[in-house]
Amino acid sequence: MKIACVQMDIIFGEPEQNYQQVINYLTEAAANGAETIVLPEMWNTGYALTELGTLADSTNQTVELLKSFAKEHAVNIVGGSVSTQKNNGFYNTMYVVNKNGELVLEYDKAHRFGLMDEHIHLEEGDTLGTFKLDGTVYGGVICYDIRFPEWIRAQALNGAKLIFVSAEWPEARIDHWRILLQARAIENQCFIVAVNRVGSDPKNVFGGSTMVIAPWGEVRLDMQKDEGVGYVEINLDEVEEVRKRIPVFDDRREKLYEKFSKSINEVL
């Protein structure tokens, strides 16, 4: 499978300009033979959280754009995430569309990041984020979600062989990004395809380092700070090969984990 990762600078608070940027990148990726194209987090508005009342997608503009492009070009699109307005609130929402133009995932970010005021402006999601493309199970998470290994493990336990991560991860903590992604790949014995943005907004500089990591932990793609589209070919058969080499999933002790799964507040 040929995957295209779009590492782009997001224009703060300018949805229409960002939509045009994304169309251009999608067109480039499709022309270069990508089968699945992956976008970064909150690419329609950036972190203009105080302006979501006028900027967030409340009309399904994003979904219709992705569905139309995917069908016309016969590509799968992991649509990163966009700010959305629905259910009387604002959300950080990942859309995934298959090559037939069908929406197969609508996932709202499960863990809100307080340092960027998400807990003030955004509602939290409560769905797992697994989906199917061409008969294979995948997972999708957004940025801060990767700091919760139990959440990524839940996707792997539900059959995900590859987990897509879309992010706006600041440069100040880019070492954490790299280490966490490799850890999530190794401990779950799956591919991680993680797309971050570059550039800056009024409060942050972002670190790029879009990466594709194999189930054994090897980095297959690292875009550093380069803006543009990165390509990688992967073979999902590697997942089962690695899981046979070290049968982590067979050796899990779920009843033991349940016994000690109390929260810190319960323990104290």
Side-chain angles (χ1 to χ4, degrees), residues 1-12 18 21-22 24-26 28-29 32 34 36-47 77-82 92 94 96 109 111 113 115-116 118 129 138-149 151-152 155 160 162-234 238:
M1 176 169 61
K2 186 174 183 177
I3 297 174
C5 299
V6 177
Q7 181 164 281
M8 61 183 280
D9 190 0
I10 297 166
I11 304 169
F12 185 79
N18 289 318
Q21 279 201 110
V22 163
N24 292 341
Y25 280 125
L26 291 175
E28 176 184 339
N32 281 288
T36 299
I37 308 171
V38 192
L39 300 173
E41 179 186 16
M42 294 279 277
W43 57 260
N44 63 335
T45 60
Y47 267 83
I77 303 175
V78 179
S81 77
V82 292
N92 185 343
M94 172 182 283
V96 178
K109 189 173 184 178
H111 302 92
F113 188 50
L115 290 182
M116 294 177 77
E118 288 187 348
Y138 297 87
V141 297
I142 302 171
C143 204
Y144 189 44
D145 285 336
I146 68 170
R147 286 190 182 269
F148 300 85
W151 191 234
I152 311 302
Q155 294 194 344
L162 183 157
I163 295 172
F164 294 100
V165 183
S166 293
E168 288 203 38
W169 197 280
E171 185 176 54
R173 295 180 293 279
I174 204 66
D175 287 346
H176 290 191
W177 163 261
R178 291 174 170 277
I179 293 167
L180 288 167
L181 292 173
Q182 281 192 282
R184 299 297 87 89
I186 292 167
E187 68 197 7
N188 291 294
Q189 300 174 317
C190 68
F191 280 97
I192 297 287
V193 175
V195 175
N196 194 24
R197 66 164 290 186
V198 291
S200 61
D201 68 15
K203 294 184 178 180
N204 300 281
V205 175
F206 298 95
S209 298
T210 288
M211 300 173 75
V212 175
I213 303 167
W216 199 247
E218 315 99 303
V219 176
R220 299 286 177 82
L221 174 71
D222 185 346
M223 294 183 67
Q224 303 286 326
K225 294 184 179 180
D226 297 333
E227 185 173 2
V229 185
Y231 301 91
V232 65
E233 294 264 4
I234 67 167
E238 290 184 49

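Residues: numbered from 1 along the sequence shown.
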Between the side chain of [X] and the main-chain N/O of [Y], is any donor-acceptor distance below 3.5 Å?
| X | Y | result |
| --- | --- | --- |
| Ser81 | Met42 | yes |
| Glu227 | Asp9 | yes |
| Asn18 | Ile11 | yes |
| Asp145 | Ile142 | yes |
| Trp43 | Gly80 | no |
| Thr36 | Ile3 | no |
| Arg184 | Ile152 | no |
| Gln155 | Gly140 | yes |
| Asn196 | Trp169 | yes |
| Gln7 | Gln224 | yes |

Rounded at 0.5 Å granularity, tell me how far [atom1] in [X] sits from [atom2] in [Y].
| X | Y | atom1 | atom2 | result |
| --- | --- | --- | --- | --- |
| Leu39 | Tyr25 | CG | OH | 11.0 Å |
| Leu181 | Ile192 | CG | CD1 | 6.5 Å |
| Glu218 | Ile186 | CD | CD1 | 8.5 Å |
| Asn188 | Leu162 | CG | CG | 11.5 Å |
| Tyr144 | Met116 | OH | CE | 12.5 Å |
| Tyr231 | Met223 | OH | CE | 9.0 Å |

In terms of the angle between their ring planes, are Trp151 and His111 parallel, tilted or perpendicular, with boundaries placed at 30° and 60°?
-> perpendicular
Non-hydrogen atoms of [X] and [Y] that approach each other most closely:
| X | Y | result |
| --- | --- | --- |
| Val38 | Ser166 | CG1-OG, 4.4 Å |
| Leu221 | Gly230 | CD2-C, 4.2 Å |
| Ser209 | Ile174 | OG-CG1, 3.6 Å |
| Cys190 | Ala160 | CB-O, 4.3 Å |
| Gly46 | Ile10 | N-CG2, 3.7 Å |
| Lys225 | Gly207 | CG-O, 4.3 Å |

Taking it one step at a time, do Tyr47 and Glu41 satisfy side chain to side chain donor-acceptor pair (under 3.5 Å)?
-> CA-CA 9 Å; Tyr47 267 83; Glu41 179 186 16; 2.7 Å; yes
Using side-chain heavy atoms (C-beta onward) and a distance below 4.5 Å, is [X] in contact with [Y]?
| X | Y | result |
| --- | --- | --- |
| Met8 | Val22 | yes |
| Phe113 | Cys143 | no |
| Phe206 | Asp201 | yes |

Can you tell me if NZ on Lys2 sees more than 12 non-hydrogen neighbours from other groups inside 6.0 Å?
->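 Enclosed: over 12 neighbouring heavy atoms sit under 6.0 Å from NZ of Lys2.
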Given Asn32 and Val229, is the side-chain contact (heavy atoms from CB on, under 4.5 Å) satisfied, shown in steps?
-> CA-CA 10 Å; Asn32 281 288; Val229 185; over 6 Å; no
Would Trp216 and Glu238 count as a side-chain contact (heavy atoms from CB on, under 4.5 Å) if you check the C-alpha gap in whole Å, the side-chain angles of each, and the deciding distance to 0.1 Å?
-> CA-CA 9 Å; Trp216 199 247; Glu238 290 184 49; over 6 Å; no
For Asn24 and Gln21, what are the C-alpha separation, side-chain angles and deciding distance, and is it a side chain to side chain donor-acceptor pair (under 3.5 Å)?
-> CA-CA 5 Å; Asn24 292 341; Gln21 279 201 110; over 6 Å; no
